[in-house]
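To start, the structure itself, in structure tokens.
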Amino acid sequence: MELVDTSNHGMSILFSHYYSSLMYSGTDFLMKPVFLRWFSGSLHLVLLFVLFISWVCNKFKVAHSEGSKKRFNNSKSLCYKLAELCCLGVSVFSLVLCLLSYFYWYRNGWSDAGLVTLLDLALRTLAWGTLCVYLRTQFNSGESKYPFLLRVWWGFYLCISCYCLVIDVVLYKKHVSLPVQNLVSDIVSVVSGLFFCYVGFFGKNEGEDTLLEEPLLNGDSSNEAESNKSKGNENVTPYLNAGFFSILTFSWMGPLITNGNKKTLNLEDVPQLCPSDSVFGAFPNFKNKLEAECGTSNGVTTLKLTKALIFSAWKEVLLTAFLAIMNTLASYVGPYFIDTFVQYLNGRRSYKNEGYVLVSVFFAAKLVECLAQRHWIFRLQQVGIRVRSVLIVMIYDKGLTLTCQSKQGHTSGEIINFMTVDADRIGDFSWYMHETWMVLVQIVIALLILYRNVGLASIAALVATVFVMLANVPLGKLQKKFQGKIMESKDKRMKATSEILRNMRILKLQVWEMKFLAKIMEIRKTEAGWLKKYVYTSAMTSFVFWGAPTFVSVVTFGTCMLMGIPLESGKILSALATIRILQEPIYSLPETISMVAQTKVSLDRIVSFLCLDDLQSDVIERLPRGSSDTAIEIIDGNFCWDLSSSSATLEDIKLKVQQGKRVAVCGTVGSGKSSLLSCILGEVPKISGTVKLCGTKAYVAQSPWIQSGKIEENLLFGMEMERENVFLEGGLRNSPFGDQTVIGERGINLSGGQKQRIQIARALYQDADIYLFDDPFSAECLLGLLDSKTVVYVTHQVEFLPAADLILVMKDGRITQAGKYDDILNSGTDFMELVGAHKEAFSGLDFNKAGSVSGSMSKEAGNLDSTNWVVEKQEDKDVQNCKEDDVVSSKGQIIQEEEREKGGVGFSVYWKFITMAYGGTLVPIILLAQVLFQTLQIGSNYWMALATPVSEDVKPSVDGSTLMIVYVALAIGSSFCVLVRSMLIRTAGYSTANQLFSKMHFCIFRAPMSFFDATPSGRILSRASTDQSAVDLSILNEMGAVAFSIIQLLGIIAVMSQVAWQVFIIFIPVIAACIWYQQYYIPSARELSRLVGVCKAPVIQHFTETISGATTIRSFDEESRFRDTNMKLADANSRPRFNIAGAMEWLCFRLDMLSSITFAFSLVFLISIPEGVIDPGIAGLSVTYGLTLNMLQMRVIWFLCEMENEIISVERMFQYTCIPSEPALVIEETQPDHSWPSHGEVDFRDLQVRYAAHMPLVLRGLTCTFPGEMKTGIVGRTGSGKSTLIQTLFRIVEPIAGQIMTDGINISVLGLHDLRSRLSIIPQDPTMFEGTVRSNLDPLEEYTDEQIWEALEKCQLGDEVRKKEGKLDSTVSENGENWSVGQRQLGCLGRVLLKKSKVLVLDEATASVDTATDNLIQQTLRQHFSNCTVITIAHRITSVLDSDMVLLLNNEYTVRANSSFGK
């Protein structure tokens, strides 16, 4: 009421003064400041009125306005933007002056001049703010000139501003006293007026990108689309060329954040990295530093690797260290001067304007602290991104050069963890790099300030701080131990998961998927045990350090009481502020120690990997092309896969192959044929001897290695497309996309024959001098195409041997015979055994009938698998068609772009996540504990401020013992709340992580095979590793940090507002601005975070493919190309990371500025309040809390953004908890009898099958019957649908029409396990899992040892297993790498012998064994499956010789079903 009365009195004075001045003779009133301010206010009131009228008029032109916006929404010139910004600046400046004037007049008494000035400034604030909004929303920025009235008004504004400034100067010369803010206001008005007049009358308002500039007649928009797509690839980040001011304020991030508000960001929108941040620039530098430290990679130690990482970024490390020191010094300026500020409020003033000087010091310190902290954090993140990238490249390069033995020790699953988890963790440690030593600096500064305030009691504070730090040592050691155990378990889990994903088809066929899921869950159970210990240790660490500041305060003040040191509110507040700022590094110290422990573990793991053995570089002596007539020469060669083994793999190898000769290598399974090719490639470690190679080489592996991507990319393999090209005939050529067909991971959407053809085509396209083929199925065609080349081929097919110039017979790792076919036929028993087995296979064949049958088949189907490699001359038309294929829609392809959510993360994701643990019942308890903690903390500080005197001459209101008892009680209560909060949030996080893990993995394992066909394993592995790690360790903590920070911020606002409610005048607009900034920032940050997740999967996938195909890559000498690809993928992943860091600092800088301004205004208000109105101690407490305002305000927004970025991991995992499931495993109502199928008849009725809704039919109306207890052979060209038919029988693929009846039961009504468990299959790709022989044959543990040994004997593996030390428990390495392909195939035979199903399917099961072994398999099948239905898909004639019926498939139809050849 007093203020209102004063205002009314002031207004009456104003108007009476105005009317009296009009009665003066002459123009004296024109010189009066009151008139000038009144006239200026009137002018701005007119502007407000005109803008209101304009707004009303525009409402009647909505349609036109919307059309203009659509047409010119992107056409803002620089001149226009500056005008808009200047309007906002004048409005903000006027607001600042208005508030300062208010404080000034409030303290010094109101006058007519003060009221008029205040009114003028208020109208200026409203008018210019409204004009800014008008220009932003209503004004059509595409117009060439601003409205006439607006330009006239700007002219008047300049004139009145100049007039006011002249009057100020005249009055100053007459020694008339004027408020300084008037002069400042007039100077700013003149400058802004000049700018507005220039813009209005002379500036050109031309748009940068108007619709009229688009080429309307250009019908081809593809060029524009292409240019937009490549924009991210061409544009380097603006950071590279940014000016000083732009770097200082992070304005270089503005364009990307603005773009993110207009559209959903894609990778092409994200600019390229600077050369120094790109891995192409950073890795060579790092590599040089590392080589300078340790020479070779095998000599790497943890210390040397750490030094190389630091020295490769030493400039940034030193700069950030300097910034860290500046930030620390600036942060302690406030606590140092708080006592002085309290004494000033209490009336002790050392000099005039001391209050304004103190406010200036506080504000300047906050600015320095803000700038130093922002650039310190950004630079460290920049270093972290660089470190992560170089480690990924280093791990990749190492994986490309590992020996086979080393690879068996570290599987691809483990190395994926090196790249995804360990490299990330070491990169993240850059954030904590300086925390380790900065804590000591901060403690020293804090102790100096404490000594100034409490004297020798600061020693007690030091002891308490050291005690707290020492208390963390055992906790830190435990955390390190538990972290190491977690990583070991995670490695084991990822290794198993990677293997399972590679072989999911086999698991589903064998009904093993749930058993292997149980295996994953068992490993996770062990990991979760260590995780539980880790998180609860972390909770205790958190409790110790959240309670540490309170503990230190109690010890310090208690010591003061004991030593008789007087406690004054100013000194206590200074001490509390010091400890409060010290608590931040103390809070972060447990996390820092934890990160040090985790980083040490990760460094040790990476170093152990880098120290593994590489392939010997001197195994092969390479001769220049054409320098010798000898293509391959091995002299006295002894080789061994495992150098620690006592026996060599290959012994006494002597071989000389002339240029252009053909060499065939034959022998029984396990005789060393593939090892011989490997030693020619340099893959087998050499014990002794010499290997010489003259010319380039190409290699075709026994197990096809296909990259995901287009067929064309697999064929070219890094070479340029030429007119002379190798193409496939048959199934692939008839594909809707031709050579642009996208191949799934590991060629999952190709048949075995198609995969083999592609890798052979890849070799032929290289036009090499030497070709090495490991058991190709179409050798006679290859030999015809390679007349002039040197060819070495391993073969099990004796019919291809006569064409060879030299035949090598292998046995037990030795070449036992060598020569031409006729020469060695009678010279030894080994070769005769092979030829005899071949003759035996054909012994039962009636060739007359066979000829007629095969003849009719060839007429109708053309040649079978032994066709069809041709070299075609492409015409120009073909080239044009190829170009058109490039822009074909990818909808029909099996591999689709990874799905990513767009827009904001829905509330449902947060709600679902926080309510997973105990239905969310812990959430309110956790929040209540934090509210109580904050209340007790504020209460304890209030108590100390109120209960202690302001100065020595004031008597304390309570005695010392009461003071400390109450303070200690409040401290204990707050510490208990922290303990409850820490334990409960870890409990909730642990439970949530386990539930989400179980749910996601169950959904993945129950997903149909089509999901795995269309989803590269990298996408699944990134969720199982990186995203799961985030859920395990950080996400719920991030969500808690948001809630806790908001509660703390509300507490600070309450304390500051309780002192003076007028602070809300600042808080409300500042909080509104903060929220606006956060909303403006989050769309870009969210999409950038999603891009990080999307860009990570290709890195993992590329690495997984590289490891599995390392031999092929090295054989083609393509290592450098694959390294470049990896580096490009690493950079693509780093680009969004870098911009996330820049965007975060862009936001935090602005929030810091706003909070610093808020703090400064609150200080100005405190020094403006008349003495005695408020208690100086409480005012000092307000300042104490205000010192942390900017940090806490920034933390709230930071944690909000971090939470939304982190929650994307949860969102990605939730995506995989909603995968459509396969049909039920067991259906009780339709469960068949235990004896089903008793007869084994399989009837296909009008069967139609496709792999996905967007793909063409593979089987089109197939109808046929496989009689029970008979043998049926299925033959057909590659891609004719043979394997698809079998997959449909097992319901791996569900038919879209038709039925499959087995013994009269429609299999589609059965549960999947009921169906698949009654069928057996020997798959096309022989698969063995890491484990033991026993676990590979009997993973479900259903059979006795005697039964397993019996099966091994039947499949001819009994003797081989007995040789091994562990017998049935002998080790099988990942993918069965320590077994030959033929032995793996025999192992698959052993599985079906154990299972003894009525229906047996052989899917090209003898492709990898020699003829003799094939005979043994066929004899075994005849003997043990004589009363079973045997369905054989074969490419060898011997595999279907004794079939009762042969089914020929061509173009997805049944062409003919004939009785057997020999019947």
Exercise. Would you give the length of the straight line joining atom CD1 of Ile1113 to atom CD of Gln707, rounded to the nearest 0.5 angstrom?
Key: 6.5 Å
Quiz item: For Asp652, does its backbone N or O pair with a side-chain atom of Asn638 as donor and acceptor, under 3.5 Å?
Solution: yes
Quiz prompt | Residue pair Gly682 / Ile620: nearest heavy atoms and the distance that separates them | solution = N-CD1, 3.4 Å
Self-check item: Between CG on residue Leu1393 and CG on residue Leu1386, distance to nearest 0.5 Å
Solution: 10.0 Å
Quiz item: About how many Å separate CD of Glu1105 and OG of Ser1108, when rounded to the nearest 0.5 Å?
Solution: 6.5 Å
Exercise. Work out which heavy atom in Val684 is nearest to a heavy atom in Cys679; give both atom names and the distance.
Key: CG2-N, 3.7 Å
Quiz item: Going from CG on Leu1447 to CD1 on Ile1431, what distance comes out if it is rounded to the nearest 0.5 angstrom?
Solution: 10.0 Å
Quiz prompt | Check: Trp705 side chain, Gln759 main-chain N or O, donor-acceptor pair, under 3.5 Å | solution = no
Practice problem: Mind listing the closest non-hydrogen atom pair of Ser1443 and Gly1273 along with its distance? | Solution: OG-N, 3.7 Å
Quiz item: Would you find a donor on one side and an acceptor on the other, under 3.5 Å apart, between the side chain of Thr816 and the backbone of Val809?
Solution: yes
Quiz item: Do the side chain of Ser678 and the main chain of Ser674 share a donor and acceptor less than 3.5 angstrom apart?
Solution: yes
Self-check item: Counterpart residues, ring-ring contact (aromatic ring centres under 6.0 Å, His included), relative to Phe1122 (two or more places apart)
Solution: Phe717, His1102
Quiz item: Is the shortest side-chain N to carboxylate O distance from Asp767 to Lys789 below 4.0 Å?
Solution: yes
Quiz item: Looking only at heavy atoms, which two atoms of Asp614 and Thr401 are closest? And how far apart?
Solution: OD1-OG1, 3.1 Å
Self-check item: Test salt bridge (charged side-chain N to carboxylate O under 4.0 Å, His left out) applied to Lys697 - qualifying residues, sequence neighbours left out
Solution: Asp1117
Self-check item: Heavy-atom side-chain contact between Ile770 and Leu693 under 4.5 Å
Solution: yes
Self-check item: Residues forming a side chain to side chain donor-acceptor pair (under 3.5 Å) with Arg1121, sequence neighbours excluded
Solution: Glu1118
Practice problem: Report yes or no: does Tyr771 contribute a side-chain atom to a donor-acceptor pair with the main-chain N or O of Tyr699 at less than 3.5 Å? | Solution: no
Exercise. For Glu1353, enumerate each residue passing the salt bridge (charged side-chain N to carboxylate O under 4.0 Å, His left out) test, keeping only those at least two apart in sequence or located in another chain.
Key: Arg1362
Quiz item: Using 4.0 Å as the upper bound for N to carboxylate O, is an ion pair formed by Arg1114 and Glu683?
Solution: yes
Exercise. Taking all non-hydrogen atoms of both residues into account, name the closest pair between Arg1391 and Asn1336 and its distance.
Key: NE-O, 2.9 Å
Quiz item: Do any N or O atoms from the side chain of Thr630 and from the backbone of Ile632 form a donor-acceptor pair under 3.5 angstrom?
Solution: no
Quiz item: When you measure from the side chain of Asp636 to the backbone N and O of Gly689, does any donor-acceptor pair fall under 3.5 Å?
Solution: no
Quiz item: Quick one: salt bridge (charged side-chain N to carboxylate O under 4.0 Å, His left out) partners of Asp812, sequence neighbours excluded?
Solution: none
Quiz item: Residues two or more places apart in sequence or in another chain: which of them pass salt bridge (charged side-chain N to carboxylate O under 4.0 Å, His left out) with Lys692?
Solution: none
Exercise. Given side-chain hydrogen bond (donor to acceptor under 3.5 Å, both in side chains), test Asp613 with Thr403 step by step and report yes or no.
Key: CA-CA 6 Å; Asp613 292 334; Thr403 64; 5.4 Å; no
Quiz item: If you look at every heavy atom in Ile687 and Phe639, which pair is closest and at what distance?
Solution: CD1-C, 4.1 Å
Quiz prompt | Worked check of side chain to side chain contact (heavy atoms under 4.5 Å, CB included) between Thr790 and Asp769 | solution = CA-CA 6 Å; Thr790 304; Asp769 300 312; 6.0 Å; no
